[in-house]
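Because only heavy atoms are used, hydrogens play no part in the values below, and waters and symmetry mates are left out as well, while side chains stay in.
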Amino acid sequence: MSQDFRFLASPRRRCYALLFEHRTRSGRRMETFWIVASLLSVFILFFESSATDLFPNTPNILWRFGLAEAAFTALFTVEYVLRVFSSPRKTRYPVSFFGIIDLLTILPMYIIWLIPSFGTATDLIVLIRLLRILRVLRVLKLLRYMSDAGILWRSLMRAKRKLGIFFGFVAIILCLFGGLMFAAEGGKDGFTSLGASVYWAVVTLTTVGYGDITPHTAIGRMLASVLILLGYSIIAVPTGILTAYMSQELEKGRAARSCQTCLHSGHEIDAKFCAHCGAVLTSETAQPIDK
């Protein structure tokens, strides 16, 4: 760091400890604060979507909800700026998963402020719904404070190749059965296109069965029966793959925790005392997901 900006080193370390580290008392308090703020903003959003029905005798209720949203937007903007400021690698956080989520959750209000012409657009209802969806993404911010979510995230990353192969195989099956059903039904009874036939195959393979499109020919019903049985047989494949990798991550977490007194390892991630000598274990936990 250059001499001109060296005075920022101490504030950066302080911000980093408060926003990215949660093992200290001040860090845990800050973690609780952001959890409450995220939950409260999502709750207010759900009330806002039906505010006119819940508060029919309050004509300016939407304006009050708008003020609350402006306050939350300002709060999360400060959080985003401080995270960028204190991040050791400033180019990594903005393009990370949580960096994109933090940015998307503060964009709706700025879009309305910077481009007021949207407020007079003919598709205003669609725009408002889109902005609400972006604000609902704030619930994903809670994943940052769930340390055990790192186990699931790392398991997904390690299993992504096998899961990709599996879903590619499923896509081939859907296209195959969709084409066969389109040919068997002759473009009738809802099977008017390959797209509609593939939609039926998706609903059937997942054993949802809406019933809006059903085969009426004998060959079509045979294909439907095979696809239903096939769906039951392969539905557990991704679960088994993910479970195997999660078990490996849990074992790695247990192996990483060792007693400083007797040097025995294999403790549970949330264990506080050694199971062999009773000594207090350190607060090491599984590696958190990238924040």
Side-chain angles (χ1 to χ4, degrees), residues 42 45-46 48-50 53 95-98 100-101 103-105 107-108 111 118 121-143 149 152-246 289:
V42 174
L45 174 61
F46 278 96
E48 178 190 349
S49 62
S50 56
D53 296 329
V95 297
S96 65
F97 174 78
F98 286 109
I100 295 175
I101 292 298
L103 180 60
L104 290 177
T105 55
L107 279 181
I111 292 176
F118 278 165
T122 56
D123 54 347
L124 179 61
I125 301 299
V126 177
L127 175 64
I128 292 176
R129 289 175 179 174
L130 177 61
L131 296 182
R132 282 175 177 170
I133 290 173
L134 291 179
R135 287 156 58 190
V136 169
L137 292 178
R138 287 174 185 166
V139 74
L140 296 178
K141 293 164 69 73
L142 299 177
L143 292 175
L152 178 60
W153 178 258
R154 292 193 301 274
S155 300
L156 285 172
M157 290 298 99
R158 293 182 61 191
K160 61 182 179 181
R161 185 175 180 274
K162 293 181 180 179
L163 291 176
I165 295 174
F166 168 75
F167 285 114
F169 174 72
V170 170
I172 293 174
I173 292 178
L174 294 176
C175 293
L176 177 62
F177 273 85
L180 291 175
M181 186 60 70
F182 177 72
E185 295 295 319
K188 301 178 182 178
D189 300 319
F191 298 92
T192 56
S193 65
L194 283 175
S197 301
V198 171
Y199 158 76
W200 167 86
V202 172
V203 174
T204 305
L205 184 67
T206 55
T207 67
V208 175
Y210 290 124
D212 52 344
I213 303 177
T214 56
H216 289 75
T217 63
I219 298 178
R221 290 173 179 175
M222 290 178 59
L223 289 173
S225 301
V226 173
L227 191 59
I228 292 173
L229 295 176
L230 188 61
Y232 275 109
S233 63
I234 68 174
I235 197 170
V237 174
T239 305
I241 294 174
L242 191 57
T243 301
Y245 280 101
M246 288 187 66
I289 52 182

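- Residues G178 and A201 share a closest heavy-atom pair of N-CB, 4.3 Å.
- To the nearest 0.5 Å, the span separating CG on L205 from CG on L227 amounts to 5.0 Å.
- Residue pairs that meet the ring pair (Phe, Tyr, Trp, His ring centres under 6.0 Å) test with at least one member in residues 186-205, sequence neighbours left out, are F191-W200.
- The number of heavy atoms from other shown groups lying within 6.0 Å of CD1 (I100) is above 12.
- Looking at every heavy atom in both residues, M181 comes nearest to P215 through SD-CB, 3.9 Å.
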Contacts table for residues 231-240: side-chain donor-acceptor under 3.5 angstrom, sequence neighbours left out:
residue: S233; atom: OG; partner: L229; partner atom: O; Å: 3.4
residue: S233; atom: OG; partner: L230; partner atom: O; Å: 2.7

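- Across every non-hydrogen atom of A224 and T204, the tightest pair is O-CG2, 4.0 Å.
- Taking CD1 of I213 as the reference point, atom OG of S197 lies at 7.5 Å (rounded to 0.5 Å).
- For V226 against F177, the heavy-atom pair with the smallest separation is CG1-CZ, 3.9 Å.
- The side-chain contact (heavy atoms from CB on, under 4.5 Å) check on V208 picks up V203, T206, Y210, with sequence neighbours excluded.
- Residues satisfying the side-chain hydrogen bond (donor to acceptor under 3.5 Å, both in side chains) criterion with K162, sequence neighbours excluded, are Y245.
- Sparse packing is recorded around CE of M222, with 12 or fewer heavy atoms of other residues, nucleotides or ligands lying under 6.0 Å away.
- Note that OG1 of T105 is 11.5 Å distant from CG of L45, once rounded to the nearest 0.5 Å.
- Residues forming a side-chain contact (heavy atoms from CB on, under 4.5 Å) with L242 (at least two apart in sequence, or on another chain): L152, S155, L156, M246.
- Going from atom CG of L174 over to atom CZ of F167 covers 11.0 Å, rounded to the nearest 0.5 Å.
- The list of side chain to side chain donor-acceptor pair (under 3.5 Å) pairs with a residue in residues 217-226, not counting sequence neighbours, reads E185-T217.
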